[in-house]
Amino acid sequence: MDVVTRFAPAPTGRLHVGNIRTAVHNWLWARKHEGRFVLRLDDTDRERSREEFAEGIREDLAWLGLSPDEEYRQSARFARYDAALERLKEAGRVYPAYETAQELELKRKVLLGRGKPPVYDRAGLGLSDADRARLEAEGRRPHWRFRLDHGRPIGWNDLIRGPQHFDPALLSDPVVRREDGSWLYMLPSSVDDIELGITHVLRGEDHVTNTALQVQMFEALGAPPPAFAHEALLVGSEGKLSKRLGSLGVEAMKEAGIEPAALVAKLARIGTSLPVEPVIAPEALIESFDFSTFGRAPARFDLDELAGLSAKIVHLLPYEAVAERLPAGMGEEDWIAIRPNLRTIAEAADWWRILHGHVETRAAEEDRPVIAAAAEAAAGIDWPDEPWRQLVALVKERTGRGGKALFLPLRRALTGRDSGPEMAALLPLIGRAEAIARLTAAL
RNA sequence: GGCCCCAUCGUCUAGCGGUCCAGGACGUCGCCCUUUCACGGCGAAAACACGGGUUCGAGUCCCGUUGGGGUCACCA
């Protein structure tokens, strides 16, 4: 059986780390089994769904390299849901109810106040034809609820959480269609999972009770439920649930200079027993993906850790992979020389200026002898052959200085910085004339 | 409040009754490399939430406490 997974965001905003993680996992699982990864835009909520968000989600996915094999949107599939609802009506698995949202909220409050679970009382189920006629004569229109079968416990074997059992009597019959005819998430999602041939539903554990309801929907619709896997949610680095996490999206990642490969690598393995490693190609992540490695407790997501991982990935990236994001004219030698010192690719621009632009420094009083000796020596050395080694040897010989007292002044005069890549690699790139000019100017 | 999860180094986790004075990864610290910083290599420190049981023996099983997460929408 081919594996088909789906990522089903509502286009009511951009993706954030929590979303992205389940997208990554769905993609990984599909890739691992050479199956299909479906993007399903759950836009039943017309009020909040916007086309610009749908487009934003596609862009986010593309940036991450998680290309969907197919895309669907629920707003284009309403006829399917109509048909499914008709079948459920015939089977007596759905019934009209007439309470207003305020009435329902009041009922819940009363129940909660008495320390009872706020489960729907099924008043709609007890309505006679005459009751309904009277209600409709009052101008009320029904919304539709799916009737849960209280007869037997709901269960499934969760790929991450193991055997799950729920008592349907403790759950409310879910509203599937509003009185204005618009659809709620629950039924369309099940219908689509069936019709799109979804084999694995991998989502956050905030969906476990939804799954309990939907297991019965699959059965009522005459389809075997897919396999389910519910992963523990992510929490912020402060420990508790973080509001910040919900706004940490691709935009924020770009701003922080995070490499997409880093985000994918991090999200693929955070909360699992697999080590988070700097991998620049997804193959290793695909190959090692395994539900049995998932922990069941919420994992903490820390942006600083991600930034560190991203830096390591930058150190690994070959020139071809980054060339178009580098300053115009920056060649492979430049990249290889500066790469180990970068945290983000954006920093390459700074080094580009340092290597080939204008750098002006002023040597500290006590360093002037070193710089003076260097300026003089630079002119005389055999430039193409390891100039840095020759320069250092000569300056040391003439000034008697070594170690930090020798290197730091030279680095400052030549690059204007206290730290950076190895000078042996930088000096040839700066070039003879420019090096001499900078040393002289520093005096 | 009901229901469902979870609880081992700072963080993510391995551990499925004795082989654990608890293993790995990230981070931290130290050393090496580079006659500086960074990069890289090597090494070290660092944990079984608490209280009761069960058992010859418990990180591992049971109960409770505490703590954390989720959910109980005409959102998804």
Side-chain angles (χ1 to χ4, degrees), chain A residues 8-13 19 42-45 47-49 74 97 99-102 104-105 108 111-120 142-145 158 160-162 164-167 169-172 174-180 182-186 188-189 203-210 212 230 232-235 237 239-241 266 269-278 293-302 304-305 308-309 311-312 315 338-343 389 392-393 396 401-412 417-425:
Chain A
T12 55
N19 273 343
D42 282 7
D43 56 352
T44 53
D45 187 341
E47 301 272 299
R48 299 191 300 147
S49 296
Q74 295 193 317
E99 298 90 344
T100 64
Q102 301 87 278
L104 290 170
E105 194 171 332
R108 272 194 299 273
L111 255 12
L112 235 22
R114 280 198 256 144
K116 295 190 162 189
V119 176
Y120 178 58
H143 53 274
W144 293 82
R145 285 188 186 260
D158 198 283
I160 292 173
R161 316 180 106 213
Q164 301 288 299
H165 305 281
F166 282 86
D167 178 359
L170 264 23
L171 272 13
S172 295
V175 175
V176 294
R177 190 173 209 181
R178 293 195 182 93
E179 60 184 61
D180 67 0
S182 61
W183 296 98
L184 267 350
Y185 167 76
M186 213 59 74
S189 178
R203 64 213 322 195
E205 69 177 3
D206 52 334
H207 279 284
V208 295
T209 47
N210 288 342
H230 294 88
L233 270 16
L234 254 25
V235 292
S237 48
K240 301 214 175 189
L241 186 69
K266 177 75 176 179
R269 291 188 172 176
I270 186 174
T272 75
S273 56
L274 267 13
V276 174
E277 298 169 318
T293 62
F294 278 67
R296 297 218 256 162
R300 297 182 194 213
F301 178 86
D302 186 89
D304 292 335
E305 279 180 15
L309 180 70
K312 288 194 175 178
H315 303 161
I338 64 169
R339 181 176 69 171
N341 202 258
L342 265 27
R343 304 234 352 130
R389 211 163 72 156
V392 165
K396 187 184 181 187
R401 305 236 294 213
K404 198 165 187 168
L406 170 65
F407 280 84
L408 198 52
L410 286 176
R411 176 179 284 284
R412 280 179 177 151
R417 296 252 184 142
D418 285 357
S419 67
E422 246 183 286
M423 285 305 299

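Labels below follow one simple rule: chain letters A, B, ... track the order of the sequence lines, proteins then strands, and each chain is numbered from 1. The structure displayed is predicted, hence computed values, not measured ones.
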Under a 3.5 Å limit for both distances, which nucleotide forms a Watson-Crick or G-U wobble pair with B:U35, could you say?
none
Centre-to-centre under 6.0 Å for A:His207 and A:Tyr185, is that the case here?
yes
Under 4.0 Å, counting only non-hydrogen atoms across every strand here, what does A:His230 touch: a base, just sugar-phosphate, or nothing?
nothing
Using a heavy-atom cut-off of 4.0 Å across all strands, would you classify A:His143 as base, sugar-phosphate, or nothing?
base
Rounded distance in Å - CG (A:Leu233) to P (B:U71)
7 Å
Can you build the contact string for nucleotides 60-65 of chain B? Use B for base contact, S for sugar-phosphate-only contact, and - for no protein heavy atom under 4.0 Å.
------
Determine the Euclidean distance between corresponding C1' atoms of B:C3 and B:C12; express it in Å to zero decimal places.
28 Å
Side chain A:His315, main chain A:Leu342, donor-acceptor under 3.5 Å:
yes
On the nucleotide B:U11, are OP1 or OP2 found under 4.0 Å from the side-chain N or O atoms that A:Ser237 carries?
no
Checking all strands, does A:Thr44 fall into the base, sugar-phosphate, or nothing category for heavy-atom contacts under 4.0 angstrom?
sugar-phosphate
How many whole angstroms separate atom CG of A:Asp45 from atom P of B:C75?
7 Å
Just checking A:Arg145: base, sugar-phosphate only, or nothing, at a heavy-atom cut-off of under 4.0 Å?
sugar-phosphate
At what distance, to the nearest 0.5 angstrom, does CD of A:Glu422 lie from CZ of A:Arg411?
9.0 Å
In whole angstroms, how far is the P atom of B:A38 from the CG atom of A:Leu342?
16 Å
For A:Asp180, give me all partners under salt bridge (charged side-chain N to carboxylate O under 4.0 Å, His left out), at least two apart in sequence or on another chain.
none
What's the gap between B:A25 and B:G2 when it is taken at their P atoms, as a whole Å value?
43 Å
Once hydrogens and angles are ignored, does a donor-acceptor distance under 3.5 Å link the base of B:A76 to the side chain of A:Asn210?
yes
Holding to ring pair (Phe, Tyr, Trp, His ring centres under 6.0 Å), I want the full list of residues that pass it with A:Tyr120, two or more places apart in sequence or in another chain.
none
Integer-rounded Å distance: B:A73 P and A:Tyr120 OH
12 Å
Using a cut-off of 4.0 Å on non-hydrogen atoms, how would the nucleic acid contact of A:Leu184 be classed: base, sugar-phosphate, or nothing?
sugar-phosphate
Residues in salt bridge (charged side-chain N to carboxylate O under 4.0 Å, His left out) contact with A:Arg417, at least two apart in sequence or another chain:
A:Asp350
Rounded to whole Å, CD1 of A:Ile270 lies from P of B:U13 at a distance of 8 Å
For A:Asp43, all residues meeting side-chain hydrogen bond (donor to acceptor under 3.5 Å, both in side chains), sequence neighbours excluded
A:Arg73, A:Ser75
Winner on side-chain proximity to A:Arg178, out of B:A76, B:C75, B:G70, is B:C75
Enter the distance from A:Leu233:CG to A:Arg203:CZ here, rounded to the nearest 0.5 Å.
12.5 Å
Looking for any heavy atom pair under 4.0 Å, which part of the strands does A:Ala10 touch: base, sugar-phosphate only, or nothing?
sugar-phosphate
Please give the distance between the C1' atoms of B:A47 and B:G10 as a whole number of Å.
10 Å
On a whole-Å scale, what distance lies between the P atoms belonging to B:G68 and B:C32?
46 Å
Measure CZ/A:Arg300 against P/B:C9 and give the value in whole Å, please.
10 Å
For atom CD of A:Glu305 and atom C1' of B:G10, their distance in whole Å
10 Å
Partner of B:C42 under the Watson-Crick or G-U wobble criteria, both distances under 3.5 Å, comes out as B:G30
For A:Arg114, which contact category applies under a 4.0 Å heavy-atom criterion: base, sugar-phosphate, or nothing?
nothing
When the P atoms of B:G64 and B:U60 are considered, how many whole Å apart are they?
16 Å
Sort out the partner of B:A49 for me: Watson-Crick or G-U wobble, both distances under 3.5 Å, none otherwise.
B:U65
Residues passing the salt bridge (charged side-chain N to carboxylate O under 4.0 Å, His left out) test with A:Arg412, sequence neighbours excluded, are A:Asp418
Results of side-chain hydrogen bond (donor to acceptor under 3.5 Å, both in side chains) for A:Asp42 - residues two or more places apart only
A:Arg40, A:Gln74
Go along nucleotides 30-37 of chain B 5' to 3' and tag each nucleotide: B for a protein heavy atom under 4.0 Å from its base, S when only backbone or sugar atoms are that close, - otherwise.
----SBBB
Between atom OG of A:Ser182 and atom CD of A:Glu47, what is the distance when rounded to the nearest 0.5 Å?
8.5 Å
With a 4.0 Å cut-off on heavy atoms, is A:Thr293 in touch with a base, just the backbone sugar-phosphate, or nothing at all?
nothing
On a whole-Å scale, what distance lies between the P atoms belonging to B:G53 and B:C26?
42 Å
5'-most contact on RNA chain B (nearest-nucleotide basis), A:Ser273 vs A:Asp43, goes to A:Ser273
Any side-chain N or O of A:Arg108 less than 4.0 Å from the OP1 or OP2 oxygen of B:C72?
no
Sequence neighbours left out, what passes salt bridge (charged side-chain N to carboxylate O under 4.0 Å, His left out) with A:Arg343? Give chain and number order.
none
Nearest-angstrom distance, C1' atom, B:C63 to B:C20:
26 Å
With stacking defined as ring centroids separated by under 5.5 Å and planes differing by under 30°, is A:His207 stacked against B:A76?
yes
Considering only side-chain heavy atoms of A:Val175, which listed nucleotide, B:C39, B:G70, B:C74, is closest?
B:C74
Nucleic acid footprint by protein, nucleotides 2-8 of chain B - heavy-atom cut-off 4.0 Å, B for base, S for sugar-phosphate alone
-SSSS--
Roughly how many Å is it from CG in A:Leu111 to P in B:C72, rounded to a whole number?
15 Å
Main-chain N/O of A:Asp45 paired to A:Ser49 side chain as donor or acceptor, under 3.5 Å:
yes
Who passes side-chain hydrogen bond (donor to acceptor under 3.5 Å, both in side chains) against A:Arg296, sequence neighbours left out?
none
Counting Watson-Crick and G-U wobble pairs only, both distances under 3.5 Å, name the nucleotide matched with B:G1, or none.
B:C72
Under 4.0 Å, counting only non-hydrogen atoms across every strand here, what does A:Lys312 touch: a base, just sugar-phosphate, or nothing?
sugar-phosphate
Quick one: list whatever passes side chain to side chain contact (heavy atoms under 4.5 Å, CB included) with A:Leu274, sequence neighbours left out.
A:Arg269, A:Thr272, A:Ser288, A:Thr293
Taking a pair to mean Watson-Crick or G-U wobble geometry with both distances below 3.5 Å, B:A14 pairs with none
Whole-angstrom distance between B:G30 and B:G67, as gauged at atom C1':
36 Å
